[in-house]
Every structure is written in C-alpha cells, then in structure tokens.
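As the structure is a prediction and not an experimental result, all values here were calculated from the model. Atoms within a ligand are numbered from 1 in the order they appear, just like the ligands themselves. In this chain, residues are counted from 1 in sequence order.
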Amino acid sequence: MDSQTNSCYLGFDFSTQQLKVLAIDERLEVIHQNNVLFDSELPEFRTQGGVHVHGDRLTVTSPVRMWVKAVDLILQKMKNNGFDFSNVKALSGSGQQHGSVYWKKGARQVLNYLDPEKPLHDILQDSFAVQDSPVWMDSSTTAQCHNLEAAVGGAQKLADITGSRAYERFTGNQIAKIYKTKPEEYNQTERISLVSSFASSLFLGDYAGIDYSDGSGMNLMDIFSKQWSEPCLKATAPQLRDKLGDPVASTAVLGPVSCYYAKRYGFPNDCKVVAFTGDNPGSLAGMKLKEGDIAVSLGTSDTVFLWIKEPKPAVEGHILCNPVDCQSYMALICFKNGSLTRERIRNERAQGSWELFSNALRSSPMGNNGNIGIYFDAMEITPPAVGVHRFDQHNKRVESFSEEVEIRALVEGQFLAKRVHAENLGYKIIPGTRVLATGGASANKHILQVLADVFGAPVYTIDVANSACLGCAYRAMHGLVAENGVSFTETVSRALPPQLAVTPTPGAQKVYTSMLKRYADLEARVLRESKQ
Ligand SMILES: Nc1ncnc2c1ncn2[C@@H]1O[C@H](COP(=O)(O)OP(=O)(O)O)[C@@H](O)[C@H]1O
Ligand SMILES: O=C(CO)[C@@H](O)[C@H](O)COP(=O)(O)O
C-alpha cells in the first residue's frame, strides 16, 4: 500500500461520560475506535456519569484534570492496540457543549513547551485557575440569565443576537457566575475555552480559537456577524474579549499538532489540527444530515437538531452556526433527562437489563392505553420543570404505573416531547421525512420503533453509534481541502449513507396524533403548576 492509502484521520469526542476516538482511512472507512469511561477508568476523580452534582443540586461540574488524564489514557490505549499514529494526516474533535475551562496565567507558556517525557496530566496540573469546570447539566445561573436578558433588552432580543434566549448552562452565564463567586480565580484566568477548544488546545500546544458553531452556545456571539457581541460581553464580565480570543471558522486548520505528540506517540510533524466543535454539531456532520431530515441524538442528553437555511431565533430552542457550511445554520433542542433517566427506570423497573426494558416496550400497546408519563428527574431544559408526573387516560394524576406501563410511558413521553417541541419551532413531518437517530440508546431497536411510531416516519441510523467522533474525523479530512472550495458534502460523498433501521407500525399515526395534543396540554399543565 502506498502512503496515500495508509493515511488516516482522527475524530475525538469529549462527551459527558467518556472520551471517545475514531479513525477513518482515505476511503472513509472506520479503522479504529477506542474510549475512556470517566467513572470506571479514572475512579480517582469520583465522578458519577462524568460529573459532580453539588449540594444545591443545581451546580454541576467536572474536574478539568480528569479530561486531561483521559487524553493520556486514550492515546496510550491506542498505542497498546498497535494504532500507527504516523499515518494521521489531520485530527479534529468535539466536546459536550457549553462547558468551560479556565486556564491560569502562564498556562500558554506551559502548552507551548510540553515535555514529551511526561504525561499531560503531570505537565498541566497547575495550569487551571478553576479546577471544577461548569458543564451543560448546570442550572445554577438563573440570576445571571435575568441580568443578561435585561442588559440587552429582553429574551427575544438576546435570541435575535446570539440564537438563544439566556439559558443557565450557556457559557456566558457560567462565566458571569465564576466572576461573581470566584473573582480571584477569574482574575487569575488567562484564557477561557469551551470543552471543545480546550481539547484542541491540548493537541495544538497553544490556545485554540472557539469555533463558530460551538461558540453559538454561549449567549455571547452574534451568530450573524460571527463575532463576539459587545453588549453581551459587557453584561457578562470584564476583560472577557481578551480571555476568549477571536472565534474561528469550524472548518479552520488551526496549525500542526504539537511536537509533544510527534515525539511521544509518533504523529507526523505536519499532522494538522482542525478546529474542534460541539458534540451536536459534530453529530450533524457524522450523520451527513440534509435539509429536511430531523436528527435525534440519544446520548447522556437527548437532542433534536435540523439543518436550516433561514434562521428565525425564538425564545425556545437554539440556533447555532452550521459546522460544515458557513452559509447555513442548525436548529437544536436539548432535553436534559435522556439516557440517565432511561437508566434509572431500567434499574428500578427492569432489573437493570436493557433486554427486559425492551421486552416491556415490545409487549405493551402503542399509546399505552392512554397513560402518559413525564419524567424530569433533574430540572429539565425543555421545558424548565422538574419532577415525575403520571397521568391516566382521563388526564387524571396517578401515583404509580405497573412496570410495563412505566417503561412505555417514559419512552413515549420522551419522544412525544421531541415532536411537540420540534413542531413548536415550525418543523413539519412530511412524506419523505427521515428521522436520523444516533447516540448510545440508538443501538436499541425497540426504542427506535417507538421513535418511528411517534414521529410517523422511518428511522435511519449510521453503523457507528458515535456520530460525533465520525463527523469530526470527516471534518478533519474536509479541513484540509475546505480552503480550496471543496464542500463537506463532496468530501463525504463516498461514505455509506444512513441505513433504514425501522419503519412506523401501521396505525401509529392515528394513535399518536391525539396523544401529541394531550402530551402538549399535560406538559403545559406541569409547567404551570411548577411555577405556582
Ligand atoms: N441497549 C441500550 N438501550 C438503551 N440505551 C443504551 C443502550 N446502550 C447504551 N445506552 C445508553 O447510552 C448512553 C451513552 O450514550 P452516548 O451517546 O455514548 O453518551 P455520551 O456521548 O453523552 O457519553 C448510556 O448512558 C446508556 O444509557
Ligand atoms: O447541552 C447540550 C446541547 O445544548 C448537550 O447536548 C451537551 O452537548 C451534552 O452532550 P452529550 O454528552 O449528552 O452528548
């Protein structure tokens, strides 16, 4: 084989519960996959699901040094598995969105001179002003959100600028909280990164810019000019522009990988680092999403996203810059109670077995005899409400469901919510609509069957559940040619298209049309009652 056919591209994903990596060759075929699970493989950091939930139940953080150590570990695992780093032409990656990293004064110098004799976690142990990085599950910044909206003229005005009204997990509000509660640490901070740009900084050996797409999840960037919004910066914290650096295009080549990786692992000196982005934008790339498709990601969080040409920011949902086409945008809706809630119900009602959980879905009827459940274990994002709410066929609250009814109520409720909120944003399911599913739970056909039935549309999957990694490996490849005008679509045209996984059960539409309306009313009632 010549060196051209040996060439490969890496995509990393720093998600909530794990660090994953995937390599593709020039033919876009997956040749290697690996991962590091934070809870079990880095137990010294004592995380649960990759995070620490603080005493107030609202503050949620992850130890930044855990992410650094995970990089040491994953590269070592790849080396032990015989992965040949000398063929890597470019790498890119993604991170859970919104999380922030606070580099201490002097850290840039340390990054610039990484000693290949030492692991990263030793070299960088004193490089962070804040040890516990706020992550997307945090909902402790309501005061900062009110302040930001008031400063720019209201929720819709903020959405018109940044693509979203103020959300607790959005990075600007998290930064404002750090500035207020840890002013010394804020002053000690030389650079603020997102999880994605923090990760690219590690590979670059220098501070990497925040890309337009992940930067859209901060309540700080004007998504139309793709520059920081002065009024938002001003309302958030002082000297913020300097601490953030300039945003960069999601397709930008940031530079060659640090010589640390060449010396320690055998990367070629000219291996390029392409801007990292958010995990949902990474998934959009990995699923080769087209206009008209609807993507449903079933990871730690559940998300729904779409490719859009004409963004209309609203007070619900988010508009982000598109990670693969700078003329386009993506709409995103995020649900906090995703896989972890499914795991809780599996543990309590199906003896911890996905097989028993699936059996319950298979043996219960579509529509669950009219029973509807809303399971917000943690304060939900869409809508902002909490608690478990069960209703019978007459919309009467009930205390409990049988095991089978509970499992179906959970999964149906989660998918009814996704369709209701996507339709609130103007999305319509039409003949030809494809639902593209990804994330850990998309491996479960019985869950996908409920998704197809509730949406009344066929569900497609790609054969890699980890679409963010795959998308970032594609993005690494595209980054090398983007400047020559080659489109992302052209770059991935030879990749296998998503495959049909399940089609709607006959009669599903009739069952779920009325249930959608009932779900929307019940959810509105839950929201109303939670505000009383
Ligand atoms: N067979 C299955 N059925 C349902 N859910 C599953 C199954 N296998 C894995 N999962 C879920 O997938 C989740 C992890 O998804 P993943 O997309 O890797 O998350 P993240 O990217 O946020 O780390 C786990 O928390 C688990 O609940
Ligand atoms: O907050 C959001 C999106 O707005 C989340 O979707 C995070 O990006 C976390 O992703 P996962 O680790 O659940 O994939």
Task: Numbering as shown, the atoms of ligand 2 that approach Q97 to under 4.0 Å (heavy-atom distance) - done: 3 (C), 7 (C), 8 (O)
I need the atoms of ligand 1 closer than 4.0 Å to a non-hydrogen atom of [X], numbered in the order shown.
X: E343; answer: 24 (C), 25 (O), 26 (C), 27 (O)
X: G439; answer: 17 (O)
X: S339; answer: 11 (C), 12 (O), 13 (C), 25 (O), 27 (O)

- [ ] Decide if the gap between the ring center of Y167 and the ring center of H98 is smaller than 6.0 angstrom.
- [x] no
Open item on the list: Could you check whether Y512 and F415 have their ring centres less than 6.0 Å apart?
Closed with: no
Task: F14 and F198 aromatic ring geometry - parallel, tilted or perpendicular at 30°/60° bounds - done: perpendicular
Task: Polar atom proximity, D13 to ligand 1 (N or O, under 3.5 Å) - done: no
Task: Under 3.5 Å: N/O of S301 near N/O of ligand 1 - done: no
Task: Shortest reach to atom 12 (O) of ligand 1 by a heavy atom, considering only G440, G299, S353 - done: G440
- [ ] Please state whether R342 comes within less than 4.0 angstrom of ligand 1, counting heavy atoms only.
- [x] no
Task: ligand 1 contacted by K20 (non-hydrogen, < 4.0 Å) - done: yes
